[in-house]
Each structure stands twice: as structure tokens, then as C-alpha cells.
Amino acid sequence: MSDVLLETRNLKVHFPITSGALRRTVGHVKAVDGVNLQVRRGETLGIVGESGCGKSTLARLILRLLEPTEGEILFEGKNILQYDRRQMLQIRKDMQIVFQDPFASLNPRKTVGTIIAEPLRAHKAEGNHQRRVRELLEIVGLLPEHMDRYPHEFSGGQRQRIGIARAIALKPKLIICDEPVSALDVSIQAQIINLFEELQKEFNLTYLFIAHDLSVVKHISNRVAVMYLGRVLETADSESLYATPRHPYTNALLSAIPLPDPIRERTRQRIVLKGDVPSPSNPPSGCTFHVRCPVAQQQCKEQAPSMSHSQGSSDHHVSCFFPIGEIESKGART
Ligand SMILES: Nc1ncnc2c1ncn2[C@@H]1O[C@H](COP(=O)(O)OP(=O)(O)O)[C@@H](O)[C@H]1O
Ligand SMILES: [Mg+2]
């Protein structure tokens, strides 16, 4: 059995922009524009990037809630884009999602018991559903008697626990967590992240963990991919990504995380990127980050870099002509 559970190859979705009464296509929003990712069994791959860079769209593509314009999605080595409805139904048991806003994703008119039992009913799971719901509530740190209550009776953190119980009900292999703690208070975020970690150990889960902030995914991720305008700019194991970021964009994101040590916090340099994220309907030429990059050269405006192997860690890849630290070390070596 291969250790890669999920793989995307050159995955793209371009949404048409239409105009006028005839709804002519006048352009495309390149929300996801050639994403290559590998998620290994049992690991957590963190995905980070600013709002609008295509993270949720990528999640929807992987779950096939949206059809891609191009590319492949391999789950356990098979291209699921060729699957028919019946085959997809089978795969959906193995792939679940936890959403950002637990208020919006839980039906306010249904009891918690009904909500958590939904996937069990939809997939005609064997066994006593009520008993399974009680068990799931306990697993996520709630009480069995909570099953008769409604979502509004719970706090944000508790509601996210309900969403998690629903996601693990069918014992999935992969859970896509789309900013699952972004809407929660900071004090609650750590509790929910701990719960994700405990569940991963207990049920051998694989996570694709999306966040817009590198500090959130730091502890939970084995590897991290940094996205910008629908593409991945850098991937590495967490340790090398945080210690030796190669891409100027990753470096800027990292410099925005406050340090726990007040003296280091006061003296360190914060990299402020110029301007806003450009529109994905009209991305810049060459390297799409060049308009905001502090070290961009002429080449970056003209050519698009491809993902290449970085020096140092074997698992570190970067899409940049002038990765940080590499030019100097190349010089030092010769
Ligand atoms: N159905 C759609 N039609 C057109 N544009 C879309 C659609 N869904 C998302 N987008 C655009 O795609 C880009 C990526 O969105 P999204 O995946 O939600 O970003 P993120 O989750 O990283 O904040 C945004 O510019 C968004 O406006
Ligand atoms: Mg999103």
C-alpha cells in the first residue's frame, strides 16, 4: 500500500466571468491554477495563504463538490475524477470536511443527534445509530444527553465539536479541515486543535488542514504548503519551513507572527508586503508574486518559476528564481 493517500496533479479551476445579456465569457477567475500536492497516510498537511488564494476552492475540488477545469485527483492511487456517482458515494465515506463556521454549517432546526447521524443515515451505516451518536459525542468531549439539544444552545467551540463528531462518524481516512478554528476565540482554538490531534492518533486520520495563518498550523502539521493566487509557492516539512523559509512570501508571512519572547519581538524585522493580493482574474506576468516581492528581479517579471528542489531538507520545494539563503550558500560552497 502506497503511503500517499491523496494526490493532486496540475489541478485547476477557472471560473468564467460573464458579461452582458448574452452572458458572454469575458475572462476567467483562476481560483486554483495548477496545484500539485501529496498527502501521506497519517500525516497532517497544512495549507496556508491569504484570504482569496484558493484554499476553500481547492478543498471543494478534492471533495468533488466542484469539477476542475484540468488536472487529476488521486485518492489511494486512483483518479477519482473518472468515478461515477456510485463510486463517488463510496469515496465520500472516506473523505469528510470540517468547515470554518460551525454556526453556518449546522442546521439550526435539527437536533445535534440528527445532525451527527446524517452521514450514518445517508450511507446506511450498520449498527444502532443512536448509540453511535452518543459514543461520538463522548469522543469529541460532549455529553450523550446533548443529542436532544439544538446548535444554538452551544458555544462556538462546542459547535465545532459537533461538526467534528459528524465528520468522524463514518470513520473516514481523510478529513479536510477548512479553517476550523478561524472563527473561534484564541483560548478555544488550542482546545480544538488538541482534539484534532487526539483524534488523529486514535483513529489514524489524515488531515488536510487549511488556515490563513502560519502560526495556527505550526504545531499540528507535519508538512506545510504555502499558497498564493491559486498556486503552491513552497512546501516543506514543518521544521524546515519555519526555520529556513526559502520563498520571500513565506518569509513575509512568518515575520508577521508575533514572537513569544518580548525582547526578540521588539528587535526583529517585520516584512511588510507592498499592496494587496492581485485579482486572480488578472494575475501578474511571470512569477505572480513579483509585484509584491521585496527581492524581485527582471527575470521574475518575464518568466514563471517552477517548483524545484531546495537545498537542505530533502522534502523542501520552492517555486522561486532567487530563494532565500540559497544564493549565498551556493556562493560559499564554490
Ligand atoms: N463560484 C465561484 N465563481 C467565481 N469565483 C469564485 C467562485 N468561488 C470562489 N471564487 C473566487 O476564487 C478565489 C479563491 O476563493 P477561495 O477558494 O474561497 O479562497 P480562500 O478560501 O483561500 O479564501 C477568490 O477570488 C474567489 O472570489
Ligand atoms: Mg476559505
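Both ligands and their constituent atoms are indexed starting at 1 by order of listing. Side-chain atoms are counted along with the backbone in the values below, which use heavy atoms only and exclude waters and symmetry mates.
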(request) May I ask whether G49 places a heavy atom under 4.0 Å from ligand 1? (result) no
(request) Tell me which protein heavy atom sits closest to atom 13 (C) of ligand 1, plus the residue, atom name and distance to 0.1 Å. (result) G52 O, 3.6 Å
(request) Answer yes or no as to whether an N/O/S atom of S56 is found below 2.8 Å from the Mg ion (ligand 2). (result) yes
(request) Find all atoms of ligand 1 within a distance of less than 4.0 Å from any non-hydrogen atom belonging to S51, and give their numbers and elements. (result) 23 (O)
(message) Evaluate P280 for polar contact with ligand 1, using N/O atom pairs at a separation under 3.5 Å.
(response) no
(request) Enumerate the atoms of ligand 1 whose separation from the nearest heavy atom of T57 is less than 4.0 angstrom. (result) 9 (C), 14 (C), 15 (O), 16 (P), 17 (O)
(request) Return yes when at least one protein heavy atom is under 4.0 Å from atom 26 (C) of ligand 1, and no when none is. (result) no
(message) Tell me whether D276 at atom CG has more than 12 heavy atoms from other residues, nucleotides or ligands lying less than 6.0 Å away.
(response) no
(message) I want to know if ligand 1 touches L58 in the polar sense, i.e. an N/O pair below 3.5 angstrom.
(response) no
(request) Measure the CD1-CZ distance between I139 and F203 for me, rounded to the nearest 0.5 Å. (result) 4.0 Å
(message) Are V29 and L11 connected into the same hydrophobic cluster when the rule is that any two of I, L, V, M, F, W, Y join if their side-chain heavy atoms are below 4.5 Å apart?
(response) yes
(request) Would you indicate which of R60, M227, K55 comes nearest to atom 22 (O) of ligand 1 when only heavy atoms are counted? (result) K55
(request) Verify the ring-centre separation between Y228 and H247: is it less than 6.0 angstrom? (result) no
(message) Show, in sequence, the C-alpha distance, side-chain angles and deciding distance for L199 and I175, and conclude whether the side-chain contact (heavy atoms from CB on, under 4.5 Å) test is met.
(response) CA-CA 11 Å; L199 295 174; I175 301 186; over 6 Å; no
(request) Identify, by atom number and element, the atoms of ligand 1 in contact range of A31, meaning under 4.0 Å from any of its heavy atoms. (result) 12 (O), 13 (C)
(request) State whether the number of non-hydrogen atoms from other residues, nucleotides or ligands found under 6.0 Å of K12 atom NZ is greater than 12. (result) yes
(message) Testing the basics here: between A165 and I116, what is the closest heavy-atom pair and its distance to 0.1 Å?
(response) CB-CD1, 3.7 Å
(request) Answer yes or no for R292 and Y249: cation-pi contact, defined as NZ/CZ to six-membered ring centre under 6.0 Å and angle to ring axis within 45°. (result) no
(request) Output the distance between atom NE2 (H290) and atom CD (E302), rounded to the nearest 0.5 Å. (result) 9.5 Å
(request) Give the residue and atom name of whichever protein heavy atom lies nearest to atom 18 (O) of ligand 1, and the separation in Å to one decimal. (result) S56 CB, 3.8 Å
(request) State whether the shortest distance between N or O atoms of V29 and N or O atoms of ligand 1 falls below 3.5 angstrom. (result) no
(request) State the atoms of ligand 1, each with its element, that fall below the 4.0 Å cut-off from a heavy-atom position in F15. (result) 1 (N), 2 (C), 3 (N), 4 (C), 5 (N), 6 (C), 7 (C), 8 (N), 9 (C), 10 (N)
